Colleague: 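Please find one structure pasted underneath; my questions will follow.
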There are 2 protein chains.
Amino acid sequence: MDDAVPSTPATGRTPRKPRQATVERRQEILRAAANTFGSKGYKTGSLAEVAEQVGITHAGVLHHFGSKEQLLIEVLEYRDKEDVENLEGKHIPGGLELFRHLERTVRANAHRRGIVQGYSVLTGESVTENHPARGWVRNRFTILRGEIAGAVMEVGEGRVPESLAALAASAIIGVMDGLQVQWLLDDSVDLPESTAFAIEAILAAAVAGSPRPYPLD
Amino acid sequence: MDDAVPSTPATGRTPRKPRQATVERRQEILRAAANTFGSKGYKTGSLAEVAEQVGITHAGVLHHFGSKEQLLIEVLEYRDKEDVENLEGKHIPGGLELFRHLERTVRANAHRRGIVQGYSVLTGESVTENHPARGWVRNRFTILRGEIAGAVMEVGEGRVPESLAALAASAIIGVMDGLQVQWLLDDSVDLPESTAFAIEAILAAAVAGSPRPYPLD
DNA sequence: ACGGACTTACTGACAAGTTAGTAAGTCGTG
DNA sequence: CACGACTTACTAACTTGTCAGTAAGTCCGT
């Protein structure tokens, strides 16, 4: 086990700060890995394929990240960091603003198939046994649900109970993810329109209250 | 290439009908494969693991199915056939009946985690490059969308345009699939309630017509 | 400003494991 | 007794990870 950047090896030596070229290289690798894992999945995407994209050997990749699993973890962290930077300043919105933001995002995603596929593949794979991204995906869902449920309650101005907001929040996330998969498999699915329609419908139903317009049971 | 059951080997011999024990054996293998592919995914689930479950070697499995990909295909066909048998007589319903049926199914699925995981894993994996189940999944979505869109229009009694029904149909399927994934990762998601709530909301919005209660753009 | 001491970023070869698929032979049964 | 259902034995291709070696960079004392 030798670490490229971090902690003291074993002797009491100081790690020395990484130079500029190194952090750029590592980012190149992270982007390549995101690309490979996104199209082939984590388990079937190989280190060799990642390495090839940046013109080194798979051993070179391992030099930087130590293991394939560690590479995945850093890919996920990198993505989180990027997301945060994209929202720099423009703090994550609440209330109706949040739903507008979601719709804009979906509309943008319709032109970034690679990103969408990467997300869908990883999410799907995460429900397999002992998948290393499981915790990350699960956590991401939890946070998202919280934010959306909060926004639903804001829009409902206190008349929407928390439990109902929770139902609506998970449904909204579900419809977004589920539609992405259908769209990836079949272009005839209108991703942005269908998503927007469903979000509005769910939001409206939540705000209108629990009484069901169509008794289904 | 030698086939277990079908075509003539090379000599002009007649294929001979398979004995009872054989077809049962093949079904055992199919169930085992569905199990393995469902929990580990197709690509990472191994023939050896499938074989072990029925007490033979991986070569034995290949004797019956010829290749791993063929095994997957027959698993999918087997599932289709089972689904059809489950609806024996009780032809697939339309109109409001269909939505009641969907809700019952989801409620039942909440007690059949294995089945749900199998479906989710395979669906997610199918969006990866050149996945052998891609066509099957895509086709399944197409058929489902058609059925649901038809039911939406029935409920709308001719007042719902086809394009709107299509949006609603893909959204309903999306929310069902997306919620399953969230539920698999986190039990705190109320799968049946959230699904039912969203279906009703989307259906109501579709029937109420296109004018959006909350202008989001 | 220079030269040794040390680190970093790799490569190429290899280890050790897993994989699907093949070929040949064995055995029981209809 | 022939054939179907296997097993055993094996191959070829990949997999991740380790290791030693090397070229290039950085740091520091003089």
Side-chain angles (χ1 to χ4, degrees), chain A residues 1-30 32-33 36-37 40-73 130 132, chain B residues 1-30 32-33 36-37 40-73 130 132:
Chain A
M1 308 303 143
D2 93 289
D3 288 340
V5 169
S7 63
T8 315
T11 84
R13 314 224 89 279
T14 39
R16 186 179 291 203
K17 85 158 187 240
R19 48 186 146 134
Q20 183 58 20
T22 301
V23 340
E24 276 164 15
R25 197 92 235 241
R26 286 173 60 98
Q27 282 187 6
E28 268 184 76
I29 297 172
L30 288 176
T36 290
F37 294 160
K40 303 261 215 309
Y42 167 70
K43 298 229 186 113
T44 39
S46 74
L47 292 178
E49 187 182 320
V50 174
E52 200 190 7
Q53 291 175 74
V54 296
I56 63 178
T57 64
H58 88 275
V61 173
L62 284 171
H63 164 72
H64 284 287
F65 296 94
S67 76
K68 192 188 182 186
E69 186 165 334
Q70 184 59 33
L71 174 60
L72 173 65
I73 290 168
N130 303 330
Chain B
M1 308 305 146
D2 93 287
D3 289 338
V5 170
S7 64
T8 315
T11 83
R13 316 221 84 277
T14 38
R16 175 172 301 210
K17 86 158 186 243
R19 343 171 204 166
Q20 182 57 20
T22 301
V23 341
E24 275 165 15
R25 194 59 148 165
R26 287 174 59 97
Q27 282 187 7
E28 270 186 74
I29 297 173
L30 288 175
T36 290
F37 293 160
K40 304 262 208 335
Y42 167 70
K43 298 231 188 106
T44 40
S46 73
L47 291 178
E49 187 183 319
V50 173
E52 199 190 6
Q53 289 175 75
V54 296
I56 63 177
T57 64
H58 89 277
V61 173
L62 284 171
H63 165 71
H64 284 287
F65 296 94
S67 75
K68 191 188 183 186
E69 186 165 334
Q70 185 59 33
L71 174 60
L72 173 65
I73 290 169
N130 304 330

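Owing to the predicted nature of the structure, the values given are computational and were not obtained by experimental measurement. Throughout, a chain's letter reflects where its sequence line sits, starting with A, and its residues are numbered from 1.
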Colleague: C:dA9 P sits how many Å from A:Glu24 CD, rounded?
Modeller: 13 Å
Colleague: Which nucleotide in the set D:dG17, D:dT7, C:dG21 lies at the smallest distance from any side-chain heavy atom of B:Thr57?
Modeller: D:dT7
Colleague: What is the distance, rounded to the nearest whole Å, between atom NE2 of A:His63 and atom P of D:dT22?
Modeller: 17 Å
Colleague: Atom NE2 of A:His64 and atom P of D:dG17: how far apart are they, to the nearest Å?
Modeller: 16 Å
Colleague: Report the distance from atom NE2 of A:His58 to atom P of D:dT15, rounded to the nearest whole Å.
Modeller: 10 Å
Colleague: Do other residues, nucleotides or ligands put more than 12 heavy atoms under 6.0 Å from A:Glu49 CD?
Modeller: yes
Colleague: Using whole Å, what does the distance between atom C1' of nucleotide D:dC14 and atom CG of B:Leu47 come to?
Modeller: 16 Å
Colleague: If you check the A:Ile56 side chain, which of D:dC6, D:dA5, C:dC10 turns out closest?
Modeller: C:dC10
Colleague: Rounded to whole Å, how long is the line connecting atom CZ of A:Phe65 with atom C1' of D:dT16?
Modeller: 16 Å
Colleague: Between P on C:dT29 and CZ on B:Arg25, what's the gap in Å once rounded to a whole number?
Modeller: 14 Å
Colleague: Tell me: NZ of B:Lys68 to P of D:dA13, nearest whole Å?
Modeller: 18 Å
Colleague: Donor-acceptor pair, A:Lys68 side chain versus A:Ser46 backbone, under 3.5 Å?
Modeller: no
Colleague: Roughly how far, to the nearest 0.5 Å, is CD of B:Glu69 from OH of B:Tyr42?
Modeller: 5.0 Å
Colleague: Nearest to the B:Ser46 side chain among C:dG21, D:dT16, C:dT19, which nucleotide is it?
Modeller: C:dT19
Colleague: More than 12 foreign heavy atoms under 6.0 Å from CD of A:Gln53: is that the case here?
Modeller: yes
